[in-house]
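Proteins come first, then strands; the chains are lettered A, B, ... in the order of their sequence lines, and each starts at number 1.
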Amino acid sequence: MKTGTSQAAVRVLAIDDEVQIQRLLTIALEANGYKVSTAGTGQQGLALAAQHRYDLVILDLGLPDTNGLLVLKQIREWTQVPIVILSVHEGEAEKIEALDSGADDYVTKPFNTGELLARMRSASRRYNRGHHEEPVFHLGDVAVDLSKRVVTLDGKPVKLTSTEYNLLRLFIQHQGRVLTHQQILREIWGAGAEGQTSYLRVYMTRLREKLEPDPKAPPLFQTEVGVGYRLLEG
Amino acid sequence: LNYWLQHWIGYQAIALVYLLAVVLLARFVGRGPIVFGTSLTALGWNFLFCPPRYSFHISGSYDKMMLVTYFAVALTIGQLTARLRAEGQVERQREKISTALYHLAQAVAETEDRSQFLSLVAKEANALFNAQVAFLLPAPGASRQLVSERKLEWYQNESERNAALWAFEQNRPAGHGTDVPLGAAGLYLPLSIGAAPTGVMVSKLDPKAKGTGQILHQQQSFARQIALLLDRQRLRQAEAQARRLAESERLGRTLLNSVSHELRTPIAAIASATTAIQTVGPLEPTQQLLAGEIDVATARLNRVVQSLLSAARLQSGLVRPRFDWCDVRELVRVTVRNLGTLLSNHPVQIQVPAGLPLLKADLVLMEQALANLLINGALHTPKGTQLEILGGVKENEFCLEVADQGPGLPPDQLDHLFDAFQRGPEARPGGAGLGLAIVRGFIEAQGGRVLASNRIGGGALFTIYLPLTEQPQLPQET
């Protein structure tokens, strides 16, 4: 789904210290129907974000003047606008912290523009959809009737334990979004279980065995190495 | 003088003049001479002045009483004065010691070198105790051997060495003047603040010196203070060392981060630009092909930069694994999936049984290590040949094998394969020679090891071994 030019253009604020990246983001995003403002520093980005209403923010975590995480936290103090983070390959720790601090998604540099656009659309969609849920969820061969707590694969019922079901439900609620290990552990096993990633590994394996019968097929649950998991979008 | 004086003041008052002489004498000599002086003057007065003169006979009972009183008073005053004087001497010595310690405390703050400091201490102590003082420290690399920072002639014999060693090992004073003389001429005091001593202070007193008990006590407290100063110097050095290390690590990290930023930014710009062209609209077939070529080249350049940065980080010791529980099956699948088109010419066979224990490792490092082995395999084997990944547990270790069906590895190169910039003599172009070095670096950083060998049926085989740790407890579920 591309943003149609007939609708009001989606306004994007791109905060990145590299002028060339700013320029490229402007060209690529405007060609795809977005309206782009750029900021080269965290201060400038915060000022712009406070003055104007944006529909989405792209934030580079490696800013020269302030820590990108700080900018993220400050923006989150007053708005829930979707924020997509740009980070580097070794930046798993900062990615996790950004996601835990309210970032919606991340793209690793050097990024594929198509991937960035997909992440942006997905984040906007989740933001606009709010917490509305369809009573029956479909993804590939999997169907989940959330009102009856019934899960089927290829039309055949699948037996899940209550923890497995809760885990699946959490992913469905945040479909397309990366959930960090800590976020999942806190939701499913409570605040005391943060750090018990072994629980998560074991239950993800069980869930996958039940819902991804063909290991060669693209997985429903995507492992984001060192960060967390994401339920793919249909 | 007294002969002359007696005409004026009478013979009895002469006793007072003698008394004065005894008191004055007590300011300069010890108790023994005082008793002697008192007796001498008492007798002298009796003999020379007391009637009948020039005889020890005393006629008057008054004079007898006078003589006895004189003796008692002179002795008491003399003794008291002598004691005062001795205490004054001890006090002065104590003051000298504390002044010396004060100077040494200042010196220790300025000297980095321990033996330089100790020779300074020895010089001060020589003057303080009027003795030959030296310090013995454990010889580096040799057990049960103490060496001095300067040559000591008299230390070269067996009983001296034994006494020194005994003092060092028992952490108690030994040698001359202690409960444990061991036939040694020197006094050996351990330099310790409670725990094991850092060395031994040895002093050889002048054999004619008196009051060894007092000196032993003083030297013991002196040795304790020196041990404290040495400990302070050690702590200060350790702190400075840690600061230097942290500083150099910080510098290394900053430099690496800035180099990494500078290298990656243009790559990011190229990558986002070429991919952006493809999002804007349909390209002509030739344009599409060209964009695809730029894409492939950018990805390759990115991998090379990534490898160089990883190797630099390994070299600088900046790789710190973040251990977490991993599912080996998941690790293998996600690695293969993320490699995508890089493995498109090679079918990948994965054999990792379900139900393996969890692996405690850094998933990011593991992914890169495994990916490097697979890329290496794909690069050095003919198109269409199969790559195999086998996972399992062997003898309390995880083992992860990557096998190919290529020409295999030259047997004489097996040991050097993992060194940086080592490439096989018939290696095809491609790869910077860092891939396997990074594999080894990442695996060893996680407490594992990696081996290269040739399969019996032909082809190379790389095996990663990682420790199997105690498995975590899982919550019970009904």
Side-chain angles (χ1 to χ4, degrees), chain A residues 2 16-21 23-25 27-32 60 62 64 86 88-90 92-93 107-118 161-164 181 189 193 195-205 208-209 212 215-216 218-219 221-227 229, chain B residues 256-257 260-261 264-281 295 298-299 301-302 305-306 309-310 313 319 322-327 329-335 337-338 350 352 354-356 358-360 362-368 471-475 477-478:
Chain A
K2 275 200 179 162
D16 195 309
D17 60 314
E18 287 293 332
V19 181
Q20 195 176 19
I21 301 283
R23 242 179 4 239
L24 279 164
L25 283 172
I27 298 166
L29 297 184
E30 295 204 332
N32 281 280
D60 187 347
L86 302 181
V88 292
H89 184 68
E90 288 81 21
E92 276 70 26
V107 179
T108 304
K109 279 184 180 178
F111 54 86
N112 179 314
T113 306
E115 192 189 336
L116 173 66
L117 287 168
T161 66
S162 66
T163 307
E164 286 162 5
H181 301 142
W189 284 281
Q196 305 288 344
T197 38
S198 54
Y199 297 4
L200 190 51
R201 298 291 180 210
V202 169
Y203 277 92
M204 283 310 295
T205 305
R208 278 174 161 163
E209 275 164 4
E212 294 174 3
K216 293 228 163 51
F221 302 99
Q222 195 173 322
T223 305
E224 300 286 332
V225 174
V227 178
Y229 293 94
Chain B
L256 208 58
N257 280 347
S260 132
H261 182 253
R264 277 179 175 144
T265 303
I267 297 178
I270 300 169
S272 81
T274 35
T275 50
I277 292 173
Q278 292 156 347
T279 65
V280 176
D295 249 3
T298 313
L301 179 60
N302 187 45
V305 167
Q306 189 69 47
L309 292 173
S310 297
R313 231 188 302 279
V319 171
R322 296 195 313 149
F323 286 100
D324 199 354
W325 293 109
C326 310
D327 178 349
R329 227 139 84 115
E330 181 183 0
L331 161 71
V332 172
R333 277 190 200 158
V334 77
T335 307
R337 185 167 57 82
N338 287 350
I350 300 175
V352 184
L356 280 182
L358 290 174
L359 168 66
K360 190 147 208 182
D362 183 322
L363 199 53
V364 178
L365 298 184
M366 284 308 295
E367 187 199 358
Q368 207 174 333
Q471 292 294 300
Q473 290 283 314
L474 289 174
E477 196 186 6
T478 45

Under 4.5 Å from a heavy atom of chain B, the part of A:Ala93 involved | both

Honestly, the part of A:Leu200 sitting under 4.5 Å from a heavy atom of chain B is neither

Taking all heavy atoms of A:Pro110 and all of B:Ala268, pick out the closest pair and write down the distance.
-> CB-CA, 3.5 Å

Taking all non-hydrogen atoms of both residues into account, name the closest pair between A:Glu209 and B:Ala354 and its distance.
-> OE2-CB, 4.0 Å

Closest heavy-atom contact between B:Val334 and A:Thr223?
-> CG2-O, 3.6 Å

Return the minimal non-hydrogen interatomic distance between B:Leu358 and A:Ser198, and the atom names on each side.
-> CD1-CB, 3.7 Å

Quick one: what part of B:Asn302 sits under 4.5 Å from any heavy atom of chain A, side chain, backbone, both or neither?
-> side chain

Step by step, would you call A:Arg201 with B:Leu363 a side chain to side chain contact (heavy atoms under 4.5 Å, CB included)?
-> CA-CA 12 Å; A:Arg201 298 291 180 210; B:Leu363 199 53; 3.9 Å; yes

Using a cut-off of under 4.5 Å for heavy-atom pairs, which of B:Ala273, B:Ala271, B:Ser272, B:Pro472 has the most such pairs with chain A?
-> B:Ser272

Non-hydrogen atoms of chain A under 4.5 Å away: do they reach the side chain of B:Gln471, the backbone, both or neither?
-> neither

Closest non-hydrogen atoms of A:Gly226 and B:Val364, given as atom of the first, atom of the second and distance, are CA-CG2, 3.9 Å

Would you check, one step at a time, whether the test side chain to side chain contact (heavy atoms under 4.5 Å, CB included) holds for B:Gln278 with A:Asn112?
-> CA-CA 10 Å; B:Gln278 292 156 347; A:Asn112 179 314; 5.9 Å; no

Do NZ/NE/NH1/NH2 and the carboxylate oxygens of A:Glu92 and B:Arg322 come within less than 4.0 Å?
-> no

